[in-house]
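To start, the structure under review is shown below, and the notes come after it.
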Amino acid sequence: MRVLLIAPPGAGKGTQGAIIAAHFDIPHIATGVLLRDHVARKTELGREVEAHLARGELVPDELVVDMVKQAVIDAKSAGGGYVLDGIPRNMAQARAIYDIGRELEMTANVVLHLKVTEEEIVRRLLARAALEHRSDDSEEVIRHRLEVYRTLTLPIVDWYAERGILVSVDAMRPVERVGRQILTALEAMRPLIDYVPESARRSIDLTGLGAAFGSD
Ligand code: AP5
Ligand code: MG
């Protein structure tokens, strides 16, 4: 199972990425986590990206793409699955990830899009700010991250819908319910992923299916 997780800040990429990775026993590659680790360890890359993270700006494409390529190479030797959380964030990265996938025979099977309102995002991230100390969890930077998402990242969701590998999920509900819906959808797609060529896949929008999964 190879999943790209594309969603706004605070939508639950980290939370749901961990659930998917545990369920399918595959690595969870989260670009923000990897970048923050470089910052904490004061590596050369960390020093280069620290200010971008604090301002809520994207770090230069080639830095993040090189970092992720190595992680995908490692994922290939670990069995061939992955959950990529936080990349691609713009069209250039979408193309780069696709090229890396082709080169390594590791293209994504599914793009998972989590839908959450901006009001809920701000609420979640300000709640997290009170507990953790991420440099980008102030209201001003949260709003800027949302703006970056709207202008650069959201357009590529349509691109994946056209390619027929997009699954959209209503992520406004509690963590377990969102997780259950995602795992049910991914399990249902497994035979398709295993036996049907990419060109034959159609996009699926699960946003309206909350009731079927036991939500209110
Ligand atoms: P990144 O670390 O990816 O941050 P982000 O996109 O802003 O998203 P978050 O990690 O804040 O949220 P999340 O969607 O993971 O949600 P989470 O599960 O934590 O990127 C940070 C920065 O790194 C970027 O701004 C950029 O500078 C740089 N960067 C990263 N990738 C890059 C790239 N490809 N190119 C260039 N630059 C890049 O949940 C959030 C909170 O909500 C948590 O407290 C959680 O407990 C809670 N929560 C989760 N789900 C629910 C739920 N269903 N109900 C209630 N609460 C919930
Ligand atoms: Mg995250």
Side-chain angles (χ1 to χ4, degrees), residues 3-22 28-40 45-46 48-72 83-98 100 112-154 156-157 169-182 210 213 215-216:
V3 181
L4 302 184
L5 205 39
I6 302 185
K13 298 184 295 295
T15 306
Q16 299 301 334
I19 291 172
I20 299 165
H28 177 198
I29 303 165
T31 51
V33 173
L34 294 174
L35 291 168
R36 282 188 291 279
D37 182 55
H38 276 279
V39 172
L45 175 60
E48 220 167 321
V49 301
E50 185 169 13
H52 292 83
L53 264 76
R55 289 196 305 266
E57 299 285 357
L58 296 188
V59 312
D61 292 339
E62 63 278 9
L63 297 181
V64 74
V65 166
D66 286 351
M67 183 182 79
V68 166
K69 182 170 184 180
Q70 188 52 53
V72 174
V83 186
L84 269 185
D85 152 0
I87 190 168
R89 276 175 134 98
N90 58 30
M91 193 52 92
Q93 291 185 12
R95 293 207 181 92
I97 287 300
Y98 184 63
I100 290 169
L112 198 57
H113 175 49
L114 307 178
K115 291 187 177 180
V116 182
T117 62
E118 296 205 354
E119 192 188 2
E120 171 68 3
I121 285 166
V122 174
R123 192 197 66 73
R124 286 183 190 177
L125 293 184
L126 288 180
R128 183 174 69 187
L131 302 170
E132 297 174 25
H133 297 285
R134 259 178 67 163
S135 63
D136 56 353
D137 273 351
S138 67
E139 179 150 4
E140 189 190 348
V141 178
I142 292 167
R143 299 237 177 246
H144 185 62
R145 284 151 68 199
L146 279 167
E147 176 68 23
V148 169
Y149 175 80
R150 262 196 311 270
T151 51
L152 297 176
T153 310
L154 197 53
I156 62 176
V157 172
V169 174
D170 172 6
M172 289 291 287
R173 293 161 302 139
V175 170
E176 317 74 58
R177 293 207 172 168
V178 178
R180 196 146 44 99
Q181 182 172 2
I182 289 172
F213 290 88
S215 76
D216 25 285

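All ligand and atom numbering here is 1-based and tracks the order in the structure. From a predicted model like this one, the values you see are computed outputs, not experimental measurements.
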Any idea which residues sit under 4.0 Å from ligand 1, heavy-atom distances? P8, P9, G10, A11, G12, K13, G14, T15, T31, G32, L35, R36, H52, L53, E57, L58, V59, V64, G86, I87, R89, Q93, R124, L125, R128, R134, D136, R145, A171, R173, P174, V175
Go through I121 and L146 one step at a time and tell me if the side chain to side chain contact (heavy atoms under 4.5 Å, CB included) criterion holds. CA-CA 9 Å; I121 285 166; L146 279 167; 3.7 Å; yes
Ion pair check, D137 and R145, cut-off under 4.0 Å: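 Yes, this pair counts.
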For E120, the side chain to side chain donor-acceptor pair (under 3.5 Å) test, sequence neighbours excluded, returns R123, R124
Between R180 and E176, is a salt bridge (charged side-chain N to carboxylate O under 4.0 Å, His left out) present by the stated rule, with each step listed? CA-CA 6 Å; R180 196 146 44 99; E176 317 74 58; over 6 Å; no
Looking at T31, I6, I156, which one forms a side-chain contact (heavy atoms from CB on, under 4.5 Å) with R89?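 For R89, the side-chain contact (heavy atoms from CB on, under 4.5 Å) check succeeds only for T31.
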Before you tell me yes or no, could you show the steps for D136 and V141 under side chain to side chain contact (heavy atoms under 4.5 Å, CB included), namely the whole-Å CA-CA distance, both residues' side-chain angles and the distance that decides it to 0.1 Å? CA-CA 6 Å; D136 56 353; V141 178; 3.7 Å; yes
